[in-house]
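In what follows, a structure is listed as structure tokens, so that the remarks can point back to it.
Counting from 1, the numbers follow the sequence of the chain as shown. Side chains are part of it too, since the values below use all heavy atoms of this structure and drop only hydrogens, waters and symmetry mates.
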Amino acid sequence: MQIVNLGTMAGTNVDAFVKNVRNTVDMPNGSFVAITSQVSGQPDLYVAATPTDVTKEEVLLVRSPELIEVNGLRVDLTDVTLFTNPANRPATAFHLKVGDDFTITDDGITGVTTKEKYVVPVNGDLKPAAADDLTGNTLVAMKVVDKTTISVGNRRIPATKLLVVRSV
């Protein structure tokens with residue numbers, strides 16, 4: 001399962017760029033979702049869905065703390081690759097802003113990323129995809145700034161560091 005490490009993100013300093021979302025399907029961290037509406041009776045919870053038109057919809061990056069519930073207690077996972085945001089439960093999503101950077105494991109991106117190329121959200125998919133250019137005119141786009149790894153225990157998982165170059 002994919003992992004996301006946040007770098008310099010507007011949402012880590014400005015709460016208005018962070019939303020609590022709920023989807024009807026399991027979402028790994030690193031998913032790209034669109035907000036479709038507010039959950040009835042929940043003023044701070046929004047319905048998240050797979051993007052349908054990335055040229056018109058703002059997409060948000062899902063990144064929740066890797067906690068699971070055991071007998072009513074929240075416990076950190078030692079192997080974060082096992083974490084997913086369960087369906088119909090709140091998750092954290094970030095509005096992406098130009099200049100934000102984050103690192104995502106390569107299994108969280110469709111295709112092969114290349115330094116100085118791009119990653120863009122895709123219609124009908126929670127995973128973004130590698131792209132040679134920005135001709136698709138998505139509202140949100142990231143540039144590949146580095147190929148790296150994320151450490152989980154003694155493993156090094158291949159990852160891509162992204163810089164947001166286009167946002168709403």
Shortest non-hydrogen separation from [X] to [Y] and the atoms involved:
X: Pro28; Y: Thr84; answer: N-OG1, 3.5 Å
X: Ala87; Y: Thr24; answer: CB-O, 3.4 Å
X: Ala141; Y: Leu134; answer: CB-CD2, 3.5 Å
X: Ala130; Y: Val112; answer: CB-O, 3.4 Å
X: Val62; Y: Ala91; answer: CG1-CB, 4.4 Å
X: Ala34; Y: Pro51; answer: CB-CA, 4.2 Å

Is a side-chain donor or acceptor of [X] paired with a backbone partner of [Y] at a separation under 3.5 angstrom?
X: Ser64; Y: Thr92; answer: yes
X: Gln38; Y: Pro43; answer: yes
X: Arg63; Y: Val4; answer: yes

Should [X] and [Y] be counted in the same cluster of Ile, Leu, Val, Met, Phe, Trp and Tyr side chains packed under 4.5 Å apart?
X: Val119; Y: Phe94; value: yes
X: Val59; Y: Met27; value: no
X: Val145; Y: Ile104; value: no
X: Met142; Y: Val120; value: no
X: Leu61; Y: Ile109; value: yes

Rounded to the nearest 0.5 Å, how far apart are [atom1] of [X] and [atom2] of [Y]?
X: Leu96; Y: Phe17; atom1: CG; atom2: CZ; answer: 11.0 Å
X: Glu66; Y: Asn85; atom1: CD; atom2: CG; answer: 9.0 Å
X: Ile35; Y: Asn23; atom1: CD1; atom2: CG; answer: 11.0 Å

- Task: Applying salt bridge (Lys or Arg N to Asp or Glu O under 4.0 Å), name anything that partners Lys143, two or more places apart in sequence or on another chain.
- Result: Glu116
- Message: Run the salt bridge (Lys or Arg N to Asp or Glu O under 4.0 Å) test against Lys147 and tell me which residues pass, sequence neighbours left out.
- Response: Asp106
- salt bridge (Lys or Arg N to Asp or Glu O under 4.0 Å): which pairs involve residues 125-137, sequence neighbours left out? none
4.5 Å side-chain heavy-atom contact, [X] and [Y]:
X: Thr160; Y: Thr148; value: no
X: Thr12; Y: Leu6; value: yes
X: Val33; Y: Leu126; value: yes
X: Ile3; Y: Asn29; value: no

- Message: Give me each pair satisfying side chain to side chain donor-acceptor pair (under 3.5 Å) with a member in residues 96-105, each pair once, sequence neighbours excluded.
- Response: Thr105-Asp107
- Residue pairs, two or more places apart or on separate chains, that pass side chain to side chain donor-acceptor pair (under 3.5 Å) and touch residues 39-57: Thr52-Glu57, Asp53-Thr55
- How are the rings of Phe32 and Phe102 set relative to one another: parallel (under 30°), tilted (30 to 60°) or perpendicular (over 60°)? tilted
- Task: Take Asp146 and Lys115 through the test side chain to side chain contact (heavy atoms under 4.5 Å, CB included) and record every step on the way to the result.
- Result: CA-CA 6 Å; Asp146 199 10; Lys115 197 169 178 179; 4.3 Å; yes
- Within 6.0 Å of NZ in Lys19, more than 12 heavy atoms from elsewhere: yes
- Task: Linking directly or through intermediates, with side-chain heavy atoms under 4.5 Å: list the remaining ILVMFWY members grouped with Leu45, chain and number order.
- Result: Val39, Val47
